[in-house]
Structures are given as structure tokens and as C-alpha cells.
There are 2 protein chains.
Amino acid sequence: MCKPWVMAADIDFLPRGACSIAASLELVGERWSLLVIREVAWGNHRFSDIVRGTGAPRDRLAARLSALVAAGVLEKRPYSDSPPRSGYHLTAAGRDLLPVLQALLQWGDRWARDEPAVRLSHAPGGTAEHPIDAEWVCRTCGRPVMESRVSRELTPAGRALAGLPITEEHAHEH
Amino acid sequence: MCKPWVMAADIDFLPRGACSIAASLELVGERWSLLVIREVAWGNHRFSDIVRGTGAPRDRLAARLSALVAAGVLEKRPYSDSPPRSGYHLTAAGRDLLPVLQALLQWGDRWARDEPAVRLSHAPGGTAEHPIDAEWVCRTCGRPVMESRVSRELTPAGRALAGLPITEEHAHEH
DNA sequence: CTCCCTCGGTTCGATTATCCAACCAACGAG
DNA sequence: CTCGTTGGTTGGATAATCGAACCGAGGGAG
């Protein structure tokens with residue numbers, strides 16, 4: 001029995017950059033980026049709030065913020081006309097990063113410290129409030145992803161990125 | 001109505017380092033680290049395999065590998081006696097990072113490129129193989145986490161990290 | 001009007017990390 | 001003995017990061 005998530009695939013090595021993990025890290029993998037997203041998600045929208053919440057140097061923070069705006073993860077929204085000031089808010093793409101933060105939070109709670117320092121709770125649909133202990137579940141079959149064998153396959157788009165030939169053989173193989 | 005994951009909490013600013021997200025990034029947030037985990041998870045255990053798979057410079061890779069071993073995320077396991085060679089494998093902590101990779105993969109598929117380059121499939125419990133489209137679901141109530149309001153609260157351990165007083169008031173408040 | 005404060009950044013110089021090519025040691029094959 | 005493979009190190013150039021100081025537009029108090 002093979003470990004979950006470790007399985008032979010139709011390829012040995014992904015071409016560099018073909019993997020969406022690498023593509024994501026290209027956009028949000030630099031230092032402070034994810035902590036900035038966390039601060040904004042937690043309601044700290046102003047420059048000085050984010051400085052205080054992350055502890056990042058101001059110049060790095062300014063650089064990250066404009067990079068994240070350029071990447072479409074954050075947007076600048078004015079909150080005062082005089083003096084003209086604006087804060088940062090999550091776009092749809094930014095909100096979609098929250099699972100990444102949730103995953104990092106859960107991992108850190110478990111492996112990076114003795115006791116969690118922050119507890120997250122929710123009360124979905126009127127149920128009683130309770131702490132969150134989340135797992136990845138496949139929307140298609142409803143089963144936890146991490147407990148099953150996973151296989152990976154290079155798509156035609158991936159082959160194109162890789163500069164590999166897109167053959168009938170590959171288009172049909174499984 | 002407040003956006004999910006954006007909600008008032010009992011604290012305005014988390015002390016730096018109190019948050020497990022920051023603690024996680026401290027261990028695996030540096031460049032190449034998560035790509036190394038990806039390679040190892042995908043079955044590339046040897047130094048030269050990981051060089052090829054990630055494209056990282058050899059010296060950076062050596063540094064990351066020993067850091068990840070020191071952090072308890074990877075372990076070195078010999079695969080040949082003569083010549084004495086060893087490869088890198090995921091520990092339990094390392095396998096627990098896979099949700100982070102899954103989250104980054106899904107985000108990248110959606111926001112960082114036109115078409116996914118790699119398709120992940122699984123066939124849990126003898127069902128037919130199908131692509132993975134996963135979401136975070138609370139183990140307690142079975143509901144998707146991202147669709148409900150989430151509140152955060154500093155635990156006593158978090159207060160201690162923050163240097164804040166641990167009062168009865170705070171221990172009981174909600 | 002003047003002085004001082006806040007906010008959202010920039011600028012500067014020093015430190016640190018990263019990159020890349022070359023090198024090295026251990027071993028096996030031929 | 002030489003060659004190729006593997007798993008790294010080393011050295012020097014380049015780029016990112018840091019921390020503190022600075023700046024400019026605008027209040028508000030006096």
C-alpha cells in the first residue's frame with residue numbers, strides 16, 4: 001500500500017512552472033505576502049494596521065501591497081476623501097486564498113507550537129458555535145482527499161507548457 | 001452581512017508570532033521549501049531529483065533540505081549502502097502539509113493560469129476515478145468552513161505569548 | 001497662521017539571502 | 001586508471017531585506 005498522495009503518474013518530472021503550486025507561490029509566496037492577506041482578511045485594511053499586525057518593514061510592505069494589487073489579490077479602496085486615504089481589501093481571488101491560510105493555521109497549531117494561540121470558531125446555519133477542525137473533502141464524492149490515493153496527470157495545457165508533444169497517444173492514455 | 005472570515009474578534013491585533021500561520025511560515029515559508037515538499041510528496045526523494053523537479057540552485061536546496069529535516073518535516077533515509085546515499089521522505093508533520101499544497105494547487109489552477117497543467121484524480125474506496133475538486137469542511141458539523149462566519153479568539157496560551165494578562169474576565173468572556 | 005500630529009508611504013545604507021558556475025569526495029563500472 | 005553518477009560545498013556577483021530616518025499632504029488646537 002502506497003502512502004496517500006504518493007503515486008506513480010504519467011510523468012516523472014513536471015516542467016518547471018507547469019505546476020499550479022509553483023504558479024501560486026510566484027504570486028503569493030514571497031515573504032509577508034500571506035501575512036498581509038491574513039491581516040486584511042481579519043479586518044485590518046489600513047497600511048499602518050498591516051504594519052502593526054505583521055511586523056513587516058514599511059518599505060517591504062508597500063512593495064508587497066502593490067504587488068498583490070497588481071496580481072489581483074487585493075484592491076485599493078478609498079475610505080476617506082480628505083485627507084485622501086485608501087485601504088486594502090480582498091478581491092474574489094484574495095478570498096479564495098483563505099483555504100491556504102486555514103491550512104497553514106491548522107498545520108501550525110498542530111506542529112509549530114505546543115498550544116494554539118488563536119482559536120477559530122464558527123456557527124454555521126444557526127447551530128451552536130464550535131471550534132473549527134477542518135479537512136479537505138472532495139466535492140464530487142464527499143470523501144476526504146488525503147485518505148485516498150491520488151494520481152496526477154499532465155493535461156494537454158501542461159504538455160504545451162512543458163514543450164512536450166501533444167500526441168493522440170497521450171491525449172487518450174490514462 | 002459581513003463577509004465570511006472577516007469578523008470582529010476579542011482582539012484587534014495579534015502579537016507577532018502568536019499566530020500559527022506566522023509560525024508555519026517560519027518553518028516552511030522560505031523560498032523553495034514548499035516545492036521541495038511537493039517533490040518529495042510526488043515521489044522524488046533524491047537530491048538530484050529534487051533539483052530537477054524544482055529548479056532550485058543546489059546550494060539553496062541543500063540548505064532547505066537540512067532546515068526541513070531539522071524542523072521535523074522531512075527525514076533522511078538511506079537507500080543505498082555503498083555508495084552511502086540517502087533520500088528525503090516526509091514525516092507525519094510533512095504529510096500534514098499536503099493540505100497546504102492542495103490549497104495552493106487549487107488556487108493556482110483557478111487564478112494563476114488559464115488552464116490547469118496538472119490534473120489530480122482519486123478513486124476512493126473503489127469508486128470510479130474522478131478529478132479532485134476539494135473544499136474545507138468542518139469535521140464537527142460537516143459544513144463548509146468558508147461559507148460561514150468565522151470568529152477568532154485569543155486563547156490563554158496566546159495571551160501568554162502576547163504578554164497580556166490572563167484574567168478571569170478574559171478566561172470566561174465570549 | 002503656526003505648531004504639531006496622523007497617515008501612507010520613500011529613501012538610504014548596511015546586512016542578508018539568492019543565484020550560478022565551478023569544484024570536490026566517494027564510489028562503481030569498464 | 002579513467003569516466004560517470006551522486007550528493008553535496010565553495011566563492012563571488014547580484015538581488016532582496018531590514019531598520020531607521022525622512023517626506024508631503026492634510027487635519028486640529030491654539
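The chains referred to below are lettered A, B, ... by the order of the sequence lines, with proteins before strands, and numbering in each begins at 1.
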Self-check item: Whole angstrom value for the distance that separates P of D/dA15 from CD of A/Glu30
Solution: 15 Å
Quiz item: Once you round it to whole Å, what is the distance between P of C/dC7 and CD1 of A/Ile50?
Solution: 13 Å
Exercise. Keeping the roles fixed (side chain from B/Arg95, backbone from B/Val73), state whether a donor-acceptor pair exists under 3.5 Å.
Key: no
Practice problem: Measure the spacing between CG of B/Leu104 and CD1 of A/Ile21 and express it to the nearest 0.5 Å. | Solution: 6.5 Å
Quiz item: Looking only at atom types and distance, does a side-chain atom of B/Ser148 sit under 3.5 Å from a main-chain N or O of A/Ala123, one as donor and one as acceptor?
Solution: no
Quiz item: Quick one: is D/dC18 close enough that its OP1 or OP2 comes under 4.0 Å of any side-chain N or O from A/Arg31?
Solution: yes
Quiz item: Expressed in angstrom and rounded to an integer, what is the separation of A/Phe47 atom CZ from C/dG8 atom C1'?
Solution: 6 Å
Practice problem: Using heavy atoms and a sub-4.0 Å distance, could you list which residues of residues 55-67 of chain B are near DNA chain D? By number, please. | Solution: B/Arg58, B/Asp59, B/Ala62
Quiz item: What is the distance, rounded to the nearest whole Å, between atom CZ of A/Arg46 and atom P of C/dG9?
Solution: 12 Å
Quiz item: Over how many whole Å does the gap from A/Leu68 atom CG to C/dG9 atom P extend?
Solution: 13 Å
Exercise. Kindly indicate whether the side chain of A/Ser24, heavy atoms from C-beta on, has any atom under 4.5 Å from the side chain of B/Trp111.
Key: no
Quiz item: Would a distance-only check, ignoring hydrogens and angles, find a side-chain to backbone donor-acceptor pair under 3.5 Å from B/Arg38 to B/Gly53?
Solution: yes
Listing time: all N or O pairs from protein to nucleotides 24-30 of chain C that are below 3.5 Å?
residue : atom : partner : partner atom : Å
C/dG28  : OP1  : B/Ser82 : OG           : 2.6

Quiz item: Rounding to a whole Å, what distance do you find between B/Arg77:CZ and D/dG7:C1'?
Solution: 18 Å
Could you pull out every donor-acceptor pair under 3.5 Å between side chains of residues 114-122 of chain A and any protein atom, sequence neighbours left out?
none

Quiz item: Got a donor-acceptor contact below 3.5 angstrom from the B/Ser33 side chain to the B/Gly29 backbone?
Solution: no
Quiz prompt | Gap between atom NE2 of B/His45 and atom OH of B/Tyr79 - 0.5 Å precision | solution = 11.0 Å
Quiz item: Looking at A/Trp32, does any N or O in its side chain come under 4.0 Å of the phosphate oxygens OP1/OP2 on D/dC18?
Solution: yes
Quiz item: Can you tell me if A/Ser20 and B/Asp109 form a side-chain donor-acceptor pair at under 3.5 Å?
Solution: yes
